[in-house]
Amino acid sequence: MPVQVIDGTPGNLLPSYLQKVDLKYLQIGCDQASKYFQGTVILSYPLTKLVNGTEFFKIVLQESENSCSKTSTINVLFFGRLAGDCGKVVHQGIYAKPSIVTASETASMPVAPKYTYTPLNHLKGGTIVNLYGAVKFFKPPYISKGTDYCSVVTIVDQSNVKLTCTLFNGNLDALPKIYKIGDIVRFHRIKIREYNKQMQGITGIGFASLTFDGTVGAPIVPRTSSKSYSFTEEEQKTIEELRMWAASNLSVCGPTAKLSGVQPMLFFDLTCQLVGKAEVDGSSFLLKVWDGTKCPYPSWKVLVEESDLEGDKVLIRRLRNLIVDILVYDNHVKLAKSLKVGSFLRIYSLHTKQASAENQPNVSYVEFHLHGGTCYGRGIRVLPENNPDVKELKAFMDSVNLTEFQSVESMSSMELDGIFGNLSYQSYSQRCQQLSVTVLTDHQHLDDTALNTILNSSVPQQYRIRAKLRTFKPEKLCQSVKLYCSKCNSLQEVPNDDDFDLILRDCAAAAPNPEVHNSLWYDSAVWDTENQGQRKIAVHFVKHDELLQEPEDTLIMVQGGTLKEIRKLSRRFKCIIPVRSTEEDLELLDLSAPFLLQGKIWHYGCKQCSNQKTIQNLSSLAEEEPSWEPTEIAQVLGIEPLQYVFVMKFTLDDGTGALDAYLFDYEKFFQIPASEVLTSSLLQEKMEMIMNILCPPGTKLDDLPWLECFIKSYNVKDGMEQQVCYQIYDTMVAEDVI
DNA sequence: GATTAGGGTTTG
């Protein structure tokens, strides 16, 4: 029997003439007849046959107590009967005393070898071993100061012993693809040595690794760059056991967070998509990323030249309220530069820092820094598209955009499916490029806020929004014009012509008092009417420098005229003030009538806030070169003028929600003065045309155009009830619409 | 062909 299996220390059972040698003795030419070699079987291959039928068996032995040999393992090849006998009894872990020893390399084997894995509490310096472990800590591969990428990985197994491995490779792909704490790794041919009185693992020739998701029950799919690797059912069991053990013995809840969950002064791992990048300076680099959620704090925007920014500008603009700017520094710059826009990243130990502007100490914002160095595993790792976290992120990002797009654009299901694929970027861009029919006159730097966010936010606040105009009120546009008193904030209807006519007729019933005709500052003229009984019309022409001016510069005061006559006069004279006469003086009519008519604009005063003064005060205006400004006239007459405003209710919808926002506009929004629209059919037609563009009748929401608006929320007390209202401002219809 | 780093937060 050429093979004998012995237990315990073999030394005493061997013939005494045999002398134990170590590997360095095994040289070609040395007499090995009286020598033996002892080692642990770290690898055995299944018994097989060579092409000529000879039985063949291979094992790898490792010296048990290696002290100074450079090589600690040796391939042992058995042929013929010995191979058959050994193959039946030799298995991994036993000591072996081979009869034939060769130091030559073997040809590659066509069968899978069986590996031995050393528990972490059985490691010895100077050995090369195979290991399994759960990742307790890791630094994602980074560019070392030498020639290679470096990754530092601390693993632990059921023995509860840790091993920190320093892994180098010029090829990033050859390093373990660890994405998070708790991942399971299998290292083959890792060198063990002592460093600082602790065991250390380090890459050597032939190092290879597999990495597995550490989640209990998750599919066991190895992550590796190796084209061929062994993987047995037994190893699946090993992984599941390690997963179970790690689940209860390893703190795997890493500091991951969504952007929506960031807090200032925090280090965390962010899983995100890169949408833009730009060089800032030699030691810092900008990454623009998003994860589909919104950072709850205002975040900084790092200023870079537009031309330096790489990425889809339209997409960046579209996602601007979800994108955060991350500055990466020093050693991370080189890696950051190499990142591809669109790729999914995990950024480890990202730092959020609260800061405030120098000139606005009350306004704070959050900065995102990836500082230099690799402490705490600080770094960036590209995640593959098939990574479960990436899949989840993509699904979430799709849903974010689906909500927005479903209601606002008609998209095919194909477009929806691949919204973040390359194909869809184009259609995405086209949608983003769709111009708004309104533009902001300020606040362009602000990000859009979704309507549902606004509806759920505290009041008062201001927002930039992008929405569609579903409906508006009043439908009859003339009804949107009101009179507003800025002093008492009251709104009132514009009196109609008939009301004015009635007041005029009332006044005309009383004859003008000749006592008050002609004075130092006006000349008076009286006309009789034909076939209208006693009615007389008195016109008082206000003089300047005791002289009458040209009619187009002249203010006249009219008494006893009808609406028709006054209209006629207003076409000729600059200003008309309807008056009546008392015993002592001329005086203004009731404030239900306009106190001043200038061409087509009729000026009204607030009944509540006006404190009428004598008409004699006008003489002071007449002395100087009179410009007859309505505000000046109102002021000297003690009248609080009412302003014409458009008041409309817009029902806005952005797909996330809908709200009613009031438009309160003198002229800015439509670029039409509210004061002139009632007396100009041309302006009325123009306004109608604009509203037809903003909200074409009979159009589906999907096909409606976009409106960029700035709105503010505010509370209104209606009796006991408090109501939240929204108002549009700093917004106007785009020039190409007008 | 050796070196790189050798876990434990920047200070922008």
Side-chain angles (χ1 to χ4, degrees), chain A residues 70 120 123 125 133-156 161-172 174-176 178 180-183 185 190-205 207 250-252 254-257 262-270 278-287 299-304 324-336 347-358 365-381:
Chain A
K70 215 170 181 185
L120 297 180
L123 294 174
V135 175
K136 185 179 164 57
F137 167 82
F138 73 104
K139 292 185 175 183
Y142 59 95
I143 300 162
S144 76
K145 285 178 186 155
T147 58
D148 293 335
Y149 285 96
C150 177
S151 183
V152 174
V153 183
T154 302
I155 57 171
V156 62
V161 169
K162 285 193 301 178
L163 178 75
T164 297
C165 306
T166 308
L167 311 173
F168 294 106
N169 204 299
N171 175 15
L172 174 73
L175 290 171
I178 300 164
K180 57 168 80 165
I181 306 251
D183 280 354
V185 289
I190 186 163
K191 276 200 281 192
I192 304 298
R193 63 186 192 189
E194 211 179 292
Y195 175 78
N196 277 349
K197 293 175 185 171
Q198 276 195 317
M199 288 300 158
Q200 179 194 52
I202 191 152
T203 39
I205 296 159
F207 171 82
L250 202 67
S251 169
V252 290
T256 60
V262 306
Q263 297 291 325
M265 302 305 285
L266 189 80
F267 289 91
F268 71 106
D269 299 344
L270 177 68
E279 189 156 353
V280 178
D281 56 49
S283 67
S284 62
F285 196 83
L286 169 67
L287 299 179
S299 71
W300 70 345
K301 293 289 164 209
V302 177
L303 278 181
V304 288
V324 297
D325 285 2
I326 298 172
L327 267 191
V328 309
Y329 298 94
D330 307 336
N331 57 311
H332 306 297
V333 169
K334 211 169 160 188
L335 198 132
I347 302 176
Y348 299 92
S349 208
L350 181 60
H351 186 205
T352 53
K353 189 179 169 187
Q354 194 162 27
S356 56
E358 270 179 35
Y365 54 88
V366 173
E367 300 177 347
F368 292 86
H369 301 272
L370 187 73
H371 298 295
T374 60
C375 287
Y376 274 87
R378 189 184 304 128
I380 305 170
R381 168 119 232 182

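Fair warning: this is a prediction, and the values are worked out from it, not measured in the lab. Letters go in sequence order (proteins before strands), and every chain restarts at 1.
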Protein-nucleotide distance ([X], atom [atom1]; [N], atom [atom2]), rounded to Å:
X	N	atom1	atom2	value
Phe267(A)	dT10(B)	CZ	P	7 Å
Phe368(A)	dT9(B)	CZ	C1'	17 Å
Glu194(A)	dG6(B)	CD	C1'	13 Å
Lys191(A)	dG6(B)	NZ	C1'	14 Å
Asp148(A)	dT3(B)	CG	P	12 Å
Ile326(A)	dT10(B)	CD1	P	18 Å
Ile181(A)	dG7(B)	CD1	C1'	10 Å
Asn169(A)	dA2(B)	CG	P	16 Å

With sugar-phosphate meaning primed atoms plus P, OP1 and OP2, does [X] contact a base, only sugar-phosphate, or nothing at under 4.0 Å between heavy atoms?
X	result
Gly372(A)	base
Ile143(A)	nothing
Thr374(A)	nothing
Tyr142(A)	sugar-phosphate
Asn196(A)	nothing
Ser349(A)	base

Choose from [options] the nucleotide whose nearest atom is closest to any side-chain atom of [X].
X	options	result
His371(A)	dT3(B), dT10(B), dG6(B)	dT10(B)
Lys145(A)	dG8(B), dG12(B), dA5(B)	dA5(B)
Thr154(A)	dG7(B), dG6(B), dT10(B)	dG7(B)
Ser283(A)	dG12(B), dT10(B), dA5(B)	dG12(B)
Thr147(A)	dT4(B), dT10(B), dG7(B)	dT4(B)

Taking only the P atom of each, what is the distance from dA5(B) to dG1(B) in whole angstrom?
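dA5(B) and dG1(B) have their P atoms separated by 22 Å.
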Can you tell me whether the side chain of Thr164(A) and the base of dG6(B) have a donor-acceptor pair closer than 3.5 Å?
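Answer no: no donor N or O sits under 3.5 Å from an acceptor.
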Under-4.0 Å side-chain N/O to phosphate OP1/OP2 contact, Lys162(A) with dG7(B)
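No, outside the criterion.
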Examine dG8(B): is either OP1 or OP2 under 4.0 Å from a nitrogen or oxygen in the side chain of Lys139(A)? Give yes or no.
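It does, given that an N or O in the side chain of Lys139(A) lies less than 4.0 Å from OP1 or OP2 of dG8(B).
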Aromatic ring of Phe138(A) stacked on base six-ring of dG7(B), 5.5 Å, 30°:
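So Phe138(A) does not count as stacking on the base.
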Is there aromatic stacking of Phe168(A) against dT3(B), centre distance under 5.5 Å, plane angle under 30°?
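No, the aromatic ring of Phe168(A) does not stack with the base.
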Heavy-atom closest pair, residues Ala134(A) and Leu250(A)
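Taking every non-hydrogen atom into account, CB-CD2, 4.0 Å.
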Closest heavy-atom pair and its distance - His371(A), Tyr329(A)
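Scanning both residues, the minimum pair turns out to be CA-CD1, 3.9 Å.
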Short question: side chain of [X], backbone of [Y] - any donor-acceptor pair under 3.5 Å?
X	Y	result
Ser151(A)	Lys139(A)	yes
Trp300(A)	Asp325(A)	yes
Thr352(A)	Leu266(A)	yes

With syn defined as a glycosidic angle within 90° of 0 and anti as everything else, classify dG8(B).
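For dG8(B), whose glycosidic angle is within 90° of 0, the conformation is syn.
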Is any side-chain heavy atom of Asn169(A) less than 4.5 Å from a side-chain heavy atom of Tyr149(A)?
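Side-chain contact under 4.5 Å: no.
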For DNA chain B, whose closest nucleotide is more 5', that of His369(A) or that of Arg193(A)?
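Counting from the 5' end, the first nearest nucleotide belongs to Arg193(A).
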Parallel, tilted or perpendicular, judged at 30° and 60°: which one describes the rings of His369(A) and His351(A)?
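Judged by the thresholds at 30° and 60°, the geometry between His369(A) and His351(A) is tilted.
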